[in-house]
Amino acid sequence: MTTNAPDTLDDLPDDVAAAAFRRLVRHLRHRHDAQNIELMGLAGFCRNCLADWIRDAGYAGDKAAARELIHGMLQDEWKATRQSPATEEQLARMEASIAKNAQG
């Protein structure tokens, strides 16, 4: 959604936004059954996107450190213990979802 109207989200105090972000990350850490590929297919973002976004916002760590922060463990450990292979259907949904991101 692109408009010229002010976004009231910008009025949200930073401490409240930060608390909500931390709650979201902790929720995703707990719900490791929600695979990144499924999140990408449904919502167009995943844990790795959150890691990229915190770097875009000024986090000083590198990509690996940002992903470790979001996953709560090294990404290689996450992949080995939490990630299942993606199906062709999941990959197709992800590609369609990414295309929607590019439109907005």
Side-chain angles (χ1 to χ4, degrees):
M1 179 175 96
T2 305
T3 68
N4 292 329
D7 188 341
T8 56
L9 187 59
D10 292 330
D11 297 332
L12 189 65
D14 287 347
D15 61 329
V16 174
F21 172 78
R22 288 184 183 102
R23 185 174 180 178
L24 169 64
V25 170
R26 288 182 179 118
H27 180 75
L28 289 172
R29 285 179 182 175
H30 173 71
R31 289 298 309 269
H32 53 81
D33 58 314
Q35 296 287 301
N36 277 346
I37 191 79
E38 293 169 337
L39 294 170
M40 285 297 297
L42 179 63
F45 83 100
C46 68
R47 293 165 183 87
N48 296 336
C49 296
L50 289 174
D52 292 343
W53 296 345
I54 64 169
R55 290 185 68 219
D56 291 347
Y59 176 68
D62 65 8
K63 188 175 190 173
R67 288 186 176 186
E68 181 178 353
L69 180 72
I70 297 299
H71 288 92
M73 62 183 70
L74 294 173
Q75 186 176 19
D76 287 345
E77 181 182 352
W78 171 266
K79 285 181 178 182
T81 62
R82 305 283 197 269
Q83 186 171 307
S84 58
T87 66
E88 291 299 320
E89 185 178 300
Q90 288 172 318
L91 291 169
R93 277 195 309 267
M94 180 190 73
E95 291 298 326
S97 184
I98 289 172
K100 284 183 181 179
N101 288 354
Q103 295 171 5

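- Residues W53 and F45 bring their aromatic ring centres within 6.0 Å.
- Judged by distance alone, with hydrogens and angles left aside, the side-chain atoms of R29 form a donor-acceptor pair with the main-chain N or O of I70 at under 3.5 Å.
- Taking 4.5 Å as the limit, some side-chain heavy atom of N48 sits within range of a side-chain heavy atom of R67.
- There is a path of hydrophobic side-chain contacts, each under 4.5 Å, that joins I54 to L24.
- In terms of modelled atom types and a separation under 3.5 Å, the side chain of Q75 and the main chain of K63 share no donor-acceptor contact.
- In this structure a side-chain-to-backbone donor-acceptor pair under 3.5 Å is present from T81 to E77.
- Pairing each heavy atom of G44 with each of N101, the nearest pair is O-ND2, 2.8 Å.
- Although no hydrogens or angles enter the test, the distance criterion places a donor-acceptor pair under 3.5 Å between the side chain of R47 and the main chain of L28.
- Summarising the geometry, atom CG belonging to L42 is positioned 14.0 Å from atom CE belonging to M94; distances are rounded to the nearest 0.5 Å.
- Closest approach of S97 and G41 over heavy atoms only: CB-O, 3.5 Å.
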Side-chain donor-acceptor pairs of residues 5-21 under 3.5 Å, sequence neighbours excluded:
residue, atom, partner, partner atom, Å
D7, OD1, L9, N, 2.9

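- Looking at I37 and T87, their side chains never come closer than 4.5 Å, going by heavy atoms from C-beta outward.
- Here E68 pairs with L74 under the side-chain contact (heavy atoms from CB on, under 4.5 Å) rule; sequence neighbours left out.
- The heavy-atom pair separating G61 from R55 by the smallest distance is O-NE, 3.3 Å.
- Interatomic distance, C49 SG to M40 CE, rounded to the nearest 0.5 Å: 4.5 Å.
- Using a 4.5 Å cut-off on side-chain heavy atoms (C-beta onward), K79 and N36 make no contact.
- Applying the side-chain hydrogen bond (donor to acceptor under 3.5 Å, both in side chains) test to residues at least two apart or on different chains, none of the pairs has a partner in residues 16-25.
- Looking at Q83, its side chain never comes within 3.5 Å of a backbone N or O of W78 through a donor-acceptor pair.
- Residues L69 and V25 approach most closely at O-CG1, 4.5 Å, considering heavy atoms.
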